[in-house]
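What follows is one structure encoded as structure tokens, with my remarks underneath.
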2 protein chains.
Amino acid sequence: MQHCYIYMKKLLKNKKIRETSFRLEVLKVLSENENPISMDYLEQSLPKFDRITLYRTIKTFLDKGLIHEVLIAGESKKIALCSVECNEENHIHHLEHVHFFCENCKETFCLEIEKVPTIIIPNHSINSFEIQAKGICQNCK
Amino acid sequence: MQHCYIYMKKLLKNKKIRETSFRLEVLKVLSENENPISMDYLEQSLPKFDRITLYRTIKTFLDKGLIHEVLIAGESKKIALCSVECNEENHIHHLEHVHFFCENCKETFCLEIEKVPTIIIPNHSINSFEIQAKGICQNCK
DNA sequence: ATGTAAATGTAACAATGTTGCATTTAATAA
DNA sequence: TTATTAAATGCAACATTGTTACATTTACAT
């Protein structure tokens, strides 16, 4: 666990985010959950901390590219740790990154896929894109 | 304009949604706006109508597959009319449908693209997917 | 060790979305 | 056409989600 904190401190430093005990706790919850989590879940997981500070922390983490939002139609907003390739200029994770929503267990996953299509929209320049997929996950099949 | 109402009445009938003056007004605003609009904009556009009823109307339209949500990270939730192919079983519009957010003018667009990639996630079955792209739109280039 | 800018906690507020219930309306049958 | 009835609406009250202002505390560079 101690090792975990060392890793998280390094994460904050790399993203130029000031290290505080609150932020380490938020990071801890995020890193303990493999899948994207809701603000509500995060709030419940940090009962002794302030809700307003949590919102500000999340905003900072988003701005600095440490976490990303996962938006699935009909589902509440979720957040997840970015893969290491994210940075302040490009908040969108690796192109192989897909958000998958299982219509059976209602769980949301961040997945990596091998072959990513090239998407071309005539007369538009695409800086980044995300893919949201719905279906049945590995566990539910 | 009269013709417009006839078309909208047909739309409601096709989706088995009871026709009311309120719903026709909501549909009118939606069809007058080519791009997805926010709930706030919709509310402002219907000043003499009730906010609660609007939320219920939108829920009904979503459930029946008449409209779809457009979620872009960092942007407020928007809604747009579905293409005619949508139905109650498959709320996700045509596969060629892409949500495009212009980072210059901050406008959101529903676009159709010609070549849609096949997305394969090992051990998962995909029922539908959406693509969210960010970049610079036609007008801003 | 100290100064300073950033982060936090509290309170008050704003925006967004929901529930219960009485009334009105649309669609069906008589 | 009218009566019936289930659905839609409007109102009030409430729940959830997110923000702003400001005084206090903390991190960290010197």
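Order of the sequence lines fixes the chain letters, A, B, ..., with proteins taken first and strands second; residue numbering starts at 1 for each chain.
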Interatomic distance where [atom1] belongs to [X] and [atom2] belongs to [N] [whole Å]:
X     : N     : atom1 : atom2 : answer
B:F61 : D:dA8 : CZ    : P     : 10 Å
A:F49 : C:dA7 : CZ    : C1'   : 13 Å
A:R23 : C:dT8 : CZ    : C1'   : 10 Å
B:E19 : D:dA7 : CD    : C1'   : 14 Å
A:L46 : C:dG9 : CG    : P     : 11 Å
B:K16 : D:dA7 : NZ    : P     : 15 Å
A:I58 : C:dA7 : CD1   : P     : 14 Å
B:L24 : D:dA8 : CG    : C1'   : 13 Å

In degrees, rounded to 10°, what is the bend between the two ends of the helix from C:dA1-D:dT30 to C:dA30-D:dT1, using five pairs at each?
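If I round to tens, the end axes sit 40° apart.
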
Quiz item: A:R18 side-chain donor-acceptor pair to D:dA27 base, under 3.5 Å
yes

Any B:T20 side-chain nitrogen or oxygen under 4.0 Å from OP1 or OP2 of D:dA8
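False: B:T20 side-chain N/O out of range (4.0 Å or more) of D:dA8 OP1/OP2.
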
Residue among A:K77, A:H99, A:K78 satisfying side chain to side chain contact (heavy atoms under 4.5 Å, CB included) with A:I72:
A:H99

Ionic contact status for A:E19 with A:R23, cut-off 4.0 Å
no

Verify the cluster assignment for B:F49 and B:V26: are they in a single hydrophobic cluster under the rule of side-chain heavy atoms below 4.5 Å apart?
yes

What pairs of nitrogen or oxygen atoms, one from the protein and one from nucleotides 14-19 of chain C, lie under 3.5 Å apart?
from   : atom 1 : to    : atom 2 : distance (Å)
C:dG17 : OP2    : B:Y55 : OH     : 2.8
C:dG17 : N7     : B:R51 : NH1    : 3.1
C:dG17 : N7     : B:R51 : NH2    : 3.3
C:dG17 : O6     : B:R51 : NH2    : 2.9

When you measure from the side chain of [X] to the backbone of [Y], do you find a donor-acceptor pair of N or O atoms at a distance under 3.5 Å?
X      : Y      : answer
A:E69  : B:G74  : yes
A:N33  : A:N35  : no
B:K16  : B:K13  : no
A:K106 : A:F101 : no

Please classify the nucleic acid contact of B:T57 as base, sugar-phosphate, or nothing, using heavy-atom distances under 4.0 Å.
sugar-phosphate

Start at the 5' end of DNA chain C and walk down; is the nucleotide closest to A:T53 or to B:S21 reached first?
A:T53

Counterpart residues, ring-ring contact (aromatic ring centres under 6.0 Å, His included), relative to A:F100 (two or more places apart)
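Only B:H124 meet the ring-ring contact (aromatic ring centres under 6.0 Å, His included) criterion with A:F100.
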
For the residue pair B:M39 and B:I58, establish whether any side-chain heavy-atom pair is separated by less than 4.5 Å.
yes

